[in-house]
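Below you'll find the structure, written out as structure tokens, and then a few comments.
If you read the sequence from its start, that first residue is 1, and numbering goes on from there. All heavy atoms count here, side chains included; hydrogens, waters and symmetry mates do not.
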Amino acid sequence: MAKLKKKWRLFPARHQLANELSQKLNISEYIAQALINRGITNEQAADEFLSAGAEHMADPYALKGMRTAVERIIQAVEIKEKITIYGDYDVDGITACATLYKTLTRLGAIVEFYIPDRQSEGYGLNPAALHNLINTGTKLVITVDCGISASKEIAAIGDQLAIIITDHHQPPAELPVAVAIINPKQPGCLYPEKNLAGVGVAFKLCQGLWQHVYGLETQFFDYLDIVAIGTVADIVPLTGENRVLVKLGLKQLQTTDNLGIEALLEVCGLRGKVIDSGSIGFVIAPRLNAVGRVSQAAAGVELLITKDANYAHELANLLDGENLTRQNIEKSILAKAEEQLDTVDVGAVKVLVLAGEEWHSGVIGIVASRLVDKYYKPVVMISIHDGVGKGSCRSIPAFDMYTALTACSDLLTQFGGHRQAAGLSIPLPNIPLLRERLNSLAAETLSADDYVPVLTIDSILPLEEINASFLEQLASLEPYGFGNPSPVFACHNIVMKEKRLIGQQNRHLKLKLKHTAIKDVIAWNMAELSPILTCDKAIDLVFVPKFNEWQGHKNVQLIAHDVRQSPDSRTQAELNRIAPDRTCIAQVYLTLKEYNKLGQYNFSLQTIVNKISSNYNVVLSEHVLTMALTILAELHLLTKEPKEQDTFTIQLTPSPLKKLDLTNSPAFQESIKMREEYLSQYS
């Protein structure tokens with residue numbers, strides 16, 4: 001299948017505000033625009049975002065239930081009660097478990113941890129596991145990254161266990177009966193950061209415990225290297241306190257003394273290299289996740305808490321091997337899913353619902369994500385075992401998967417999740433009914449445009465603006481992730497000098513630019529674009545600029561998000577029938593200026609169209625001319641009044657003293673959007 005065409009969408013430029021922030025913060029106007037695009041529109045907010053230090057962390061005791069939880073845990077420590085941390089098998093749960101375990105151990109607690117088996121037990125608390133903990137002497141259970149929906153399971157235990165819940169998932173209408181619940185999303189919790197990951201909530205409990213024991217003024221920022229891994233992996237917004245946790249955690253990762261992390265970095269090939277959120281998301285987290293998907297997540301916790309260097313290396317190699325196993329299982333399931341898709345009209349199907357016998361339930365979520373990336377449609381992958389289906393769902397932004405599953409709840413045994421990711425259990429006979437209903441729901445709620453991926457662009461960036469200083473300022477916006485994506489820029493009409501395929505199986509494309517200070521463009525996984533790009537012709541690029549270091553040399557390189565040939569004359573003519581660009585607006589302005597100098601102010605639109613055709617050999621429609629006049633009026637460059645039938649009085653105002661920015665005109669921004677939408681189809 002050819003790579004999906006993307007719709008290029010440019011953020012509205014706010015030139016005046018960007019200029020103000022640029023001067024106040026001494027940063028590039030393009031960096032200031034990127035901040036504005038992320039909702040940061042004043043100097044104080046921008047300064048806090050860029051500095052993002054520990055002083056911006058909130059008091060842990062602002063979390064509802066914190067004081068009660070701390071007092072009960074300290075009581076357990078003092079009377080030597082056995083505490084068990086009950087976690088989850090994903091990276092968030094593993095890191096939350098390790099963070100709390102290490103903290104409780106330092107405080108002198110008798111503590112163990114328990115991670116349920118993904119295959120046999122599934123997510124969250126289960127009665128069999130809780131009874132086993134009771135039988136082995138546990139008196140207090142502290143959940144991390146789970147428990148908020150376990151009302152029935154906790155009620156079944158009665159008073160045999162004291163349970164403290166720390167979680168970050170959306171609370172149900174009925175909360176469990178527990179000693180304390182710490183969840184910033186629960187009703188009545190005034191904590192300012194509602195989007196903490198499970199490991200973030202566990203870390204706040206650790207802060208609360210430390211302050212209780214050593215004084216309220218005591219700062220506790222240990223284990224942020226572990227916290228950063230879990231926070232990035234759980235794809236929570238990297239804004240607010242999450243941004244602080246990850247930024248400080250990434251700094252700790254560079255000099256970590258955690259033996260398990262050190263061993264994992266060595267196995268991953270990251271030792272001695274700069275570690276960013278991408279390193280966590282694409283290299284570290286998959287290895288921690290792999291044990292939870294294909295074997296036992298407890299190995300991930302053991303890696304993060306061990307004090308034995310040899311054992312750490314043994315576990316790191318185990319995780320690396322399990323990741324290879326996971327990749328092989330993933331490839332096998334993906335191939336089987338593609339075989340099923342070969343038998344249907346993928347273009348006509350609204351939601352892809354696929355099911356297979358004994359597909360590994362720990363891997364189908366990853367395969368679902370791969371299929372969403374490829375086809376840009378909601379995907380439900382169902383593994384069938386003993387007549388029961390367990391599914392992982394992934395969606396596109398326009399389709400709320402959780403709401404859709406709610407509408408299908410009569411077909412499901414169980415379901416839960418979020419807007420773009422969810423899980424379900426379903427009886428085998430109901431799978432065709434689920435497929436039919438989800439497709440009907442999508443047909444009712446989605447339009448054709450919803451199935452076109454949108455590439456959001458921060459601003460049009462001239463290549464001459466990119467230098468070492470610009471890239472240093474760009475780095476101040478890190479860490480990137482959900483809620484704070486890496487800024488993406490575009491440039492138009494850059495002449496491509498040469499192209500060649502690189503990498504394994506020639507999957508990637510490398511371009512050389514002509515007459516620019518920056519020569520190299522890398523387009524990962526875009527080899528199929530090579531035949532449609534012509535050398536010595538202009539191209540349009542969407543890109544991120546980065547430093548590239550190779551054999552001691554350091555240069556700026558553009559990492560392409562999309563590439564297209566710049567419009568030819570025929571396409572440009574079609575664009576000029578849709579909406580005006582800068583050149584068109586300039587031609588209209590100069591034509592009116594020529595008329596006004598001769599004392600002519602009254603025109604029909606056709607008169608102006610004819611003059612522009614004569615002067616510039618360009619054919620404009622009256623519709624495009626009207627848009628151009630509206631743009632010039634919004635910029636206060638002319639006045640336009642209706643006179644008599646089909647004629648207007650159009651008079652230019654005195655020339656402005658400073659250069660005007662066309663993007664200050666709402667009509668111009670709409671015009672650019674219309675042209676980009678056409679080009680997305682053309683390209």
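The two residues Asp92 and Val199 have their closest heavy-atom pair at OD1-N, 2.7 Å. Among all heavy-atom pairs drawn from Gly137 and Lys82, the shortest one is O-CB, 3.5 Å. Contact record, Val141 with Tyr86: CG1-CB, 3.9 Å, taken as the closest heavy-atom pair. Of all heavy-atom pairs spanning Tyr451 and Pro453, the tightest one is O-CD, 3.7 Å. Nearest heavy-atom pair, Ala109 versus Ile83, reported as atom, atom and distance to 0.1 Å: CB-CD1, 4.1 Å. The two residues Asn310 and Asp308 come nearest to each other via the heavy atoms N-OD1, 2.9 Å.
The side-chain heavy atoms of Tyr223 and Thr95, taken from C-beta on, include no pair separated by under 4.5 Å. The shortest distance between side-chain heavy atoms of Glu358 and His385 falls below 4.5 Å. Cys189 has its side chain out of reach of Asn183: every pair of non-hydrogen atoms, C-beta onward, lies at least 4.5 Å apart. Taking 4.5 Å as the limit, every side-chain heavy atom of Tyr101 sits out of range of all side-chain heavy atoms of Val301. A 4.5 Å side-chain heavy-atom check between Leu434 and Ile431 finds every atom pair outside the cut-off. The side-chain heavy atoms of Arg243 and Pro479, taken from C-beta on, include a pair separated by under 4.5 Å. Leu175 has its side chain out of reach of Ile165: every pair of non-hydrogen atoms, C-beta onward, lies at least 4.5 Å apart. By the 4.5 Å heavy-atom criterion applied to side chains, Leu265 and Ile284 are counted as neighbours.
Salt-bridge check for Arg72 with Glu81: passed, with a basic side-chain N closer than 4.0 Å to an acidic carboxylate O. Look at Glu322 and Arg326 and you find no salt bridge, because none of the NZ, NE, NH1 or NH2 atoms lies under 4.0 Å from a carboxylate O. Ion pairing of Lys102 with Asp222 is absent here, as no side-chain N (NZ or NE/NH1/NH2) approaches a carboxylate O to less than 4.0 Å. At a threshold of 4.0 Å, the pair Lys374-Glu338 counts as salt-bridged, since one of the basic side-chain nitrogens sits closer than that to a carboxylate oxygen.
The environment of CD in Gln340 is crowded: more than 12 heavy-atom neighbours from other residues, nucleotides or ligands sit within 6.0 Å. Within a 6.0 Å radius of NZ in Lys194, more than 12 heavy atoms belonging to other residues, nucleotides or ligands are found.
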Below 3.5 Å, can you tabulate the donor-acceptor pairs from side chains in residues 148-159 to any protein atom, sequence neighbours excluded?
residue : atom : partner : partner atom : Å
Ser151  : OG   : Glu174  : O            : 3.3

List, one per line, each side-chain donor-acceptor pair under 3.5 Å for residues 57-69, sequence neighbours excluded.
residue : atom : partner : partner atom : Å
Asp59   : OD1  : Tyr61   : N            : 3.0
Tyr61   : OH   : Gly208  : O            : 2.8
Lys64   : NZ   : Pro187  : O            : 2.9

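In this structure, CD1 in Ile261 is found 4.0 Å from CG in Asp225, a value given to the nearest 0.5 Å.
A donor-acceptor pair under 3.5 Å is absent between the side-chain atoms of Glu112 and the main chain of Thr84, judged by distance alone.
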